[in-house]
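First the structure, in the form of structure tokens, and then the observations on it.
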Amino acid sequence: MTGTAPLLSMRQLSWSVGGMSIVDDVSLDVAAGEFVGVIGPNGAGKTSLFNLLTGLYKPVAGRIMLAGRDITGLAPHRRARLGLGRSFQASAIFASMTVHANVQLALQAAAGGLRSLRRTSDDRILHVLSDVGLSMLATRPAGLLSHGDKRKLEIAMLLAAAPAVLLLDEPLAGVATADIDSLTEVIADLAAGDSGRAVLMVEHDLDVLLGLSTRVAVMHQGALLAYGSTAEVMADPAVQRAYLGAAT
Ligand SMILES: Nc1ncnc2c1ncn2[C@@H]1O[C@H](COP(=O)(O)OP(=O)(O)OP(=O)(O)O)[C@@H](O)[C@H]1O
């Protein structure tokens, strides 16, 4: 990394439950424009790390900084307002409403509720729909979309809040093979160009994830085993032993 301060920074982040250490002393810096793949065997602590970042879990030790600000003690909605976005669950989509209306709702929620209703910009909705390739489906009820297109809609809803950091937890899970490529293209663009965004993504499909990532973080038994370029990480004997040799 250059002299620029990291967009997202974790320092000695730890979380345990019932005396069992789940996330163990993780320190990690992510710069704007980076796409970080987070990998590790089942139960390595990847989702727990995301839960710490979004504020669903409270760390037992350590700090989280977003754009230089300490967000460790902030509630999830305050982190979201400051630019930390996590992919919506499928249940956040209103099936009977159109694609356009779903993004409009997300935009209103991000802008602070109904009082902002009239100020909601249609341009912004069209823009995020175009970003995820759903412009042609704007008037379709969301419930009629394919699984892959629902994932794109979730991403559009996330983009409505103009996040600086995006956390994606297995966005390709359950998506039909035929839809994987176009969804992957949408995801690849999220940290690209001058977006100034950073993306962290957990994904079990290693081929896809390594193809997208500028750096890879490997977790094992709650700890950060390695963090570096795909080539560095994959050549690391400890990673090969702990992860690639393990059944996932
Ligand atoms: N709220 C919780 N209460 C108790 N145990 C938990 C909780 N959250 C996570 N764990 C445990 O922490 C460990 C790590 O889980 P986590 O879901 O973070 O792993 P993961 O790397 O995301 O795994 P996977 O790849 O299977 O999704 C698991 O043993 C899990 O059972």
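Atoms within each ligand, like the ligands themselves, are counted from 1 in listed order. FYI, the numbering just counts along the sequence from 1. All values below come from the heavy atoms of this structure, side chains included, with hydrogens, waters and symmetry mates left out.
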Heavy atom of M20, distance to ligand 1 below 4.0 Å:
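Heavy atoms of M20 never come under 4.0 Å of ligand 1.
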[X] side chain to [Y] main-chain N or O, any donor-acceptor pair under 3.5 Å?
X	Y	result
Q240	M234	yes
R215	Y227	no
S14	V60	no
Y57	S16	no

Against heavy atoms of [X], which atoms of ligand 1 measure under 4.0 Å?
X	value
A44	19 (O), 20 (P), 21 (O)
H204	25 (O)
W15	1 (N), 2 (C), 7 (C), 8 (N)

So which protein heavy atom does [atom] come closest to, and at what separation?
atom	answer
atom 26 (O) of ligand 1	N42 ND2, 2.9 Å
atom 4 (C) of ligand 1	V17 CG1, 3.6 Å
atom 17 (O) of ligand 1	T47 CB, 3.7 Å
atom 18 (O) of ligand 1	S48 OG, 2.6 Å
atom 8 (N) of ligand 1	Y57 OH, 2.9 Å

Within the structure, does [X] bring an N/O atom to less than 3.5 angstrom of an N/O atom in ligand 1?
X	answer
G43	yes
K46	yes
G45	yes

Worksheet entry | Whether over 12 other heavy atoms sit under 6.0 Å from R11 CZ | yes
Subject >> Atom CZ of R124: over 12 foreign heavy atoms under 6.0 Å >> reply: yes
Quiz prompt | For L107 against A160, the heavy-atom pair lying closest together | solution =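 So the minimum-distance heavy-atom pair works out to CD1-O, 3.3 Å.
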When every non-hydrogen atom of V199 is compared with those of A191, the smallest separation belongs to CG2-CB, 3.7 Å
Can you tell me if T72 and K58 form a side-chain donor-acceptor pair at under 3.5 Å? no
Using protein heavy atoms only, decide if any is under 4.0 Å from atom 30 (C) of ligand 1. no
With heavy atoms and a 4.0 Å threshold, my read on which part of I22 contacts ligand 1 is side chain
> Where does F50 meet ligand 1, judged by heavy-atom distances below 4.0 Å: at the side chain, the backbone, both, or neither?
Replying inline: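 Under 4.0 Å from ligand 1, F50 contributes no heavy atoms.
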Can you check whether V218 reaches V216 side chain to side chain, under 4.5 Å on heavy atoms?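 Yes, their side chains come closer than 4.5 Å.
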